[in-house]
Amino acid sequence: MSEKKFNVAVVGATGAVGEAMLSILAERNFPVDNIVALASKRSEGTSVLFGNKTLKTKVLDDFDFSDTDIALFSAGGSVSEEHAPRAAAAGAVVVDNTSHFRNEPDIPLVVPEVNPHAIAAHNGIIANPNCSTIQMVVALKPLHDAATIERINVCTYQSVSGSGRKAVDELASQTASLMNGKDAEISVQPKRIAFNCIPHIDTFQDNGYTREEMKMVWETRKILEDDSIAVNPTCVRVPVFYAHSEAVHIETRDPLSADQARKLLRKAPGVTVMDKQEPGGYPTPGEEGTNRDDVFVGRIRDDISLDDGRGLNLWVVSDNLRKGAALNSVQIAETLIKEHLGTLGRAA
Ligand code: 25A
Ligand code: L14
């Protein structure tokens, strides 16, 4: 990495993702000159941690980005819509974790293990994909390169932290209430989440799929740069605090055995294969998935319903706040300063 240091802003710093962004920047020794934590007026002056330093949160609305090199945004789509173009116009490169810009053709949508080259085409904004999509494409990229994936059937098991800090509190308090014989109060999720599963994440679309499901369709094609891949997702919220899990079923153009897939995945960047066919020999969200950087893959096996060797099943687990959001954004920023320094306006 270059000796140069950068001025960094984290927008949404008091949220679940913003907090993880600050701690990951510190733990990976990102070359920071100045760092600023931004949020809404509600949080003005609140302390947030950057390594062992304390930062006082400033208000986004009147913040001037002209001294900022890199701005990591995670304060929701409407905040990014209003403020990301303003930050980019002032000369910062924005890495945006919301869904707002992901489908715009001239905005790169990047997972550094999969399509780092896409960063080069940025015009001041780079989009960070949806958490469920990120962990799936990290696991599928080496298999797609080897055998060309034609179709993906996926069911997700998504933790509550995806909907922010209040949703984490909601699962804890509903669980405590029910264990104490009291009624569960519903505040964030559309139905009770404690001791339950909810097949509904984000808003319903005209085709009967939810927006979270359609993000997996649109974003997978954009990141793998292949519009012919058919993706059929069902996204489900489960009573898990951190890390998403996915049962992924793929159909490939060329035959690919479970043994070959296991070998390819063992060499794949950002992937840990955990696949012993014995009790506990597979990853789970509450144990391996939480607070770890890698995408964990297990239960790799041939699809017995197909007899031509062109189907595989996988179980994929990863921390949605880290690889699914904050870590991926920081890795985009690392790739930017390492390989595309000339595209950073102020710092170039
Ligand atoms: O639109 P999207 O893309 O679907 O994203 C929606 C939300 O999903 C989360 C993230 O929530 C985002 O806001 N998210 C996005 N991508 C994700 C991913 N890949 C993801 N989650 C997981 N994986 P979050 O909770 O992580 O972060 C919210 C942060 O945004 C700040 N913010 C909100 N509006 C803002 C703003 N900052 C500037 N200007 C605005 N207008 C928010 O800061 C937080 O940092 P805050 O200061 O508004 O809130 C601080 C505390 O106050 C609580 N709170 C929030 N809303 C209210 C509230 N209290 C009272 N009333 C409210 N209306 C929060 O609990 C917070 O702790
Ligand atoms: O699109 O509620 O990045 O779990 C990711 C988390 C949307 C909401 C995104 C959740 C968000 C989702």
Side-chain angles (χ1 to χ4, degrees), residues 10-12 15-21 72-81 84 94-104 107-111 125-138 154-171 174 186-193 196-205 209-223 231 233-246 285-286 289-290 295 316-332:
V10 173
V11 179
V17 175
E19 177 189 51
M21 285 170 164
L72 307 180
F73 272 67
S74 190
S78 56
V79 174
S80 287
E81 178 178 18
V94 172
V95 181
D96 181 39
N97 184 50
T98 75
S99 53
H100 190 73
F101 298 104
R102 290 180 190 151
N103 304 326
E104 306 224 341
I107 295 193
L109 181 67
V110 177
V111 179
I125 301 178
I126 300 164
N128 189 85
N130 167 264
C131 35
S132 300
T133 309
I134 293 177
Q135 68 184 67
M136 185 171 82
V137 296
V138 167
V154 53
C155 294
T156 70
Y157 304 72
Q158 297 187 218
S159 66
V160 295
S161 56
S163 8
R165 215 188 275 291
K166 277 189 288 188
V168 171
D169 297 341
E170 179 186 52
L171 173 59
Q174 285 185 355
I186 294 167
S187 57
V188 181
Q189 305 299 349
K191 283 195 160 192
R192 168 167 62 79
I193 183 61
N196 208 3
C197 294
I198 307 174
H200 168 198
I201 299 178
D202 211 333
T203 51
F204 278 95
Q205 308 291 287
Y209 283 64
T210 63
R211 206 176 150 75
E212 185 77 355
E213 290 161 352
M214 291 313 295
K215 286 177 210 162
M216 296 189 79
V217 178
W218 300 323
E219 297 181 21
T220 298
R221 291 177 177 163
K222 183 166 174 177
I223 299 162
V231 186
T234 301
C235 292
V236 182
R237 186 81 66 194
V238 296
V240 166
F241 286 107
Y242 301 102
H244 294 349
S245 308
E246 300 175 339
T290 302
V295 172
V316 181
V317 175
S318 189
D319 189 324
N320 56 302
L321 295 183
R322 290 181 75 89
K323 186 58 191 167
L327 172 65
N328 196 71
S329 291
V330 173
Q331 289 171 320
I332 291 173

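All values derive from a computational prediction rather than experimental measurement. Just so you know, ligand 1 is whichever comes first in the structure, and atom 1 is the first atom listed for that ligand.
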Exercise. Answer yes or no for R211: is there a heavy-atom contact with ligand 2 below 4.0 Å?
Key: no

Quiz item: Hey, which atoms in ligand 2 end up nearer than 4.0 Å to a heavy atom of C131?
Solution: 5 (C), 6 (C)

Quiz item: Hey, which atoms in ligand 2 end up nearer than 4.0 Å to a heavy atom of S163?
Solution: 2 (O), 4 (O), 10 (C)

Practice problem: Would you please say whether a donor-acceptor pair under 3.5 Å links the side chains of R211 and S99? | Solution: no

Practice problem: Look at atom 11 (C) of ligand 2 and find which of Q189, Q158, K215, R237 reaches it with the closest heavy atom. | Solution: K215

Quiz prompt | Between N97 and S329: side-chain donor-acceptor atoms closer than 3.5 Å | solution = no

Quiz item: Got a sec, which residues hit salt bridge (Lys or Arg N to Asp or Glu O under 4.0 Å) with E219, two or more places apart in sequence or on another chain?
Solution: R102

Practice problem: Output yes when a side-chain donor or acceptor of Q205 lies under 3.5 Å from a complementary backbone atom of M214, and no otherwise. | Solution: no

Quiz item: Is the closest side-chain donor-acceptor distance between N130 and E212 under 3.5 Å?
Solution: yes

Self-check item: R102 contact mode with ligand 2 (heavy-atom cut-off under 4.0 Å)
Solution: side chain

